[in-house]
Amino acid sequence: MKLPNSFYQRQNVTTIAKELIGKVLVTNVNNKLTSGIIVETEAYSYKERGCHAFKGMTPRNKVMFEEGGVTYVYLCYGIHHLFNVVTNQKDKADAVLIRALEPLAGQSIMQERMKTKSLNKITSGPGKLTKALGIDRNHNGLFLQNHEIWIEEGSSRVLAKSILASSRIGIDYAGEDAKLPWRFTLMGSEWVSGR
DNA sequence: TACGTGATCACG
DNA sequence: GTGATCACGTAA
């Protein structure tokens, strides 16, 4: 079952980021189905400096100002595509960055895209998982109710106490806000990114 | 630890 | 137009 729009349109982005742990991200790109269990997320709110939307709307971050339930994909460091889901109401530009997955369906397709014969760490990082699932900027602003990218309920329930909070990665420019404990990881998962 | 890589955005 | 910057990954 796809998560409904009401899941994404709630106000508290950290709650949504936590609840996304254990859910399953699915893509159907070029008729190739791939999926993974979400094991690492980060929350971003327009109210704090870590967020692309902090200084207002620009051509790049425009979709963050839509209603929750659409994708926000952008190119980072000229090389990596990063995948977010937009949350909250219209003009409340919050989003959750998906940072790591445990591979589920279509593992051989992911290996092909990553040019590796191993499964090890194949989706353990925000830039890697987009490549493995075939996500790029063409997938910016898509509705998560569509057939190309969506998130569905996982098969087993994740307990709140097995989710760890820590500070977000790679946002030193955000000053004090870089210390917010808005990165969430699944305790004990070997698929969490390692930076 | 260092650097590739190119879109983006705040300046003029 | 131009230049600094950047929510990373890999090799070393």
Side-chain angles (χ1 to χ4, degrees), chain A residues 8 12-18 20-21 25 36 38-66 68 70-88 92-103 110-142 144 149 151 163-186 189-195:
Chain A
Y8 305 107
N12 191 326
V13 66
T14 57
T15 298
I16 298 171
K18 266 182 269 193
L20 280 171
I21 301 292
L25 173 62
I38 298 170
V39 297
E40 178 176 347
T41 62
E42 283 178 1
Y44 288 87
S45 166
Y46 66 100
K47 294 177 184 166
E48 49 87 17
R49 303 196 75 87
C51 184
H52 285 170
F54 178 72
K55 287 183 281 188
M57 191 188 292
T58 67
R60 179 177 69 164
N61 67 23
K62 181 159 82 76
V63 300
M64 293 185 75
F65 291 79
E66 301 284 336
V70 301
T71 62
Y72 171 46
V73 183
Y74 71 96
L75 187 66
C76 183
Y77 297 111
I79 307 171
H80 306 109
H81 300 275
L82 268 55
F83 174 78
N84 300 252
V85 300
V86 174
T87 70
N88 212 331
K92 309 245 164 133
D94 293 350
V96 177
L97 171 67
I98 309 298
R99 289 190 55 89
L101 304 174
E102 175 178 337
M110 298 188 206
Q111 288 170 323
E112 204 172 298
R113 287 178 179 145
M114 300 301 280
K115 304 194 192 309
T116 174
K117 292 180 178 169
S118 161
L119 266 184
N120 193 239
K121 304 269 174 197
I122 198 170
T123 48
S124 299
K128 292 201 280 188
L129 73 89
T130 53
K131 189 173 178 192
L133 297 208
I135 299 171
D136 62 29
R137 271 175 308 159
N138 296 319
H139 306 283
N140 186 40
L142 296 183
L144 291 165
I149 303 180
I151 300 176
I163 298 173
L164 301 177
S166 55
S167 57
R168 295 170 295 176
I169 307 288
I171 54 160
D172 292 346
Y173 61 85
E176 283 296 303
D177 290 335
K179 297 176 183 165
L180 291 169
W182 284 12
R183 172 177 179 241
F184 303 100
T185 55
L186 180 60
S189 173
E190 301 176 23
W191 298 97
V192 168
S193 75
R195 283 178 74 92

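Labels below follow one simple rule: chain letters A, B, ... track the order of the sequence lines, proteins then strands, and each chain is numbered from 1. Just so it is clear, the structure is predicted and the values come from calculations on it, not from any experiment.
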So how far is it from [X] [atom1] to [Y] [atom2], rounded to the nearest 0.5 Å?
| X | Y | atom1 | atom2 | result |
| --- | --- | --- | --- | --- |
| M114(A) | K131(A) | CE | NZ | 5.5 Å |
| Y8(A) | L144(A) | OH | CG | 4.5 Å |
| T71(A) | Y74(A) | OG1 | OH | 13.5 Å |

> Paired with dA11(C) by Watson-Crick or G-U wobble geometry, both distances under 3.5 Å: which nucleotide is it?
Replying inline: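 Per the H-bond distance test, dT1(B).
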>> Need the pair for dC6(C). Rule: Watson-Crick or G-U wobble, both distances under 3.5 Å, any strand; none if unpaired.
In response: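 dG6(B) is the nucleotide pairing with dC6(C).
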> Quick one: are R60(A) and Y72(A) in side-chain contact, heavy atoms under 4.5 Å?
Replying inline: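 Side chain of R60(A) against side chain of Y72(A), heavy atoms only: contact under 4.5 Å found.
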> Per the atom types in the model, does the base of dA7(C) pair as donor or acceptor with the side chain of H52(A) at under 3.5 Å?
Replying inline: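 Present.
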Measure from [atom1] on [X] to [atom2] on [N] and round the result to the nearest Å.
| X | N | atom1 | atom2 | result |
| --- | --- | --- | --- | --- |
| D172(A) | dC6(C) | CG | P | 9 Å |
| K121(A) | dA11(C) | NZ | C1' | 17 Å |
| K55(A) | dT5(C) | NZ | P | 11 Å |
| N140(A) | dA7(B) | CG | P | 15 Å |
| I79(A) | dC3(B) | CD1 | P | 14 Å |
| F54(A) | dA7(C) | CZ | P | 14 Å |
| E48(A) | dA7(C) | CD | C1' | 11 Å |
| H81(A) | dG6(B) | NE2 | C1' | 11 Å |

>> Run T123(A) and K128(A) through side-chain contact (heavy atoms from CB on, under 4.5 Å) and show every step you take.
In response: CA-CA 5 Å; T123(A) 48; K128(A) 292 201 280 188; 5.8 Å; no
>> Between Y173(A) and dA7(C), is there a contact of a side-chain N or O with OP1 or OP2 at under 4.0 Å?
In response: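 Result: yes.
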>> Less than 4.0 angstrom between a side-chain N/O of R99(A) and OP1 or OP2 of dC8(C), yes or no?
In response: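 For R99(A), the contact criterion (side-chain N or O under 4.0 Å from OP1 or OP2 of dC8(C)) is met.
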Describe the nucleic acid contact of [X] in one word from base, sugar-phosphate, nothing, applying a heavy-atom distance below 4.0 Å.
| X | result |
| --- | --- |
| R168(A) | nothing |
| K128(A) | sugar-phosphate |
| G78(A) | base |

> Does Y44(A) stack onto the base of dA7(C), taking stacking as ring centres under 5.5 Å apart and planes under 30° apart?
Replying inline: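 So yes, this residue stacks on that base, both cut-offs being met.
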Which nucleotide in the list [options] gets nearest to the side chain of [X]?
| X | options | answer |
| --- | --- | --- |
| L75(A) | dA7(B), dC8(C), dC9(B) | dA7(B) |
| Y77(A) | dA7(B), dC6(C), dC9(B) | dC6(C) |
| T58(A) | dA7(C), dC9(B), dT8(B) | dC9(B) |
| I171(A) | dA7(C), dC9(B), dC8(C) | dA7(C) |

> So among N12(A), N88(A), V13(A), which one has a side chain to side chain contact (heavy atoms under 4.5 Å, CB included) with S45(A)?
Replying inline: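 Among the candidates, only V13(A) passes.
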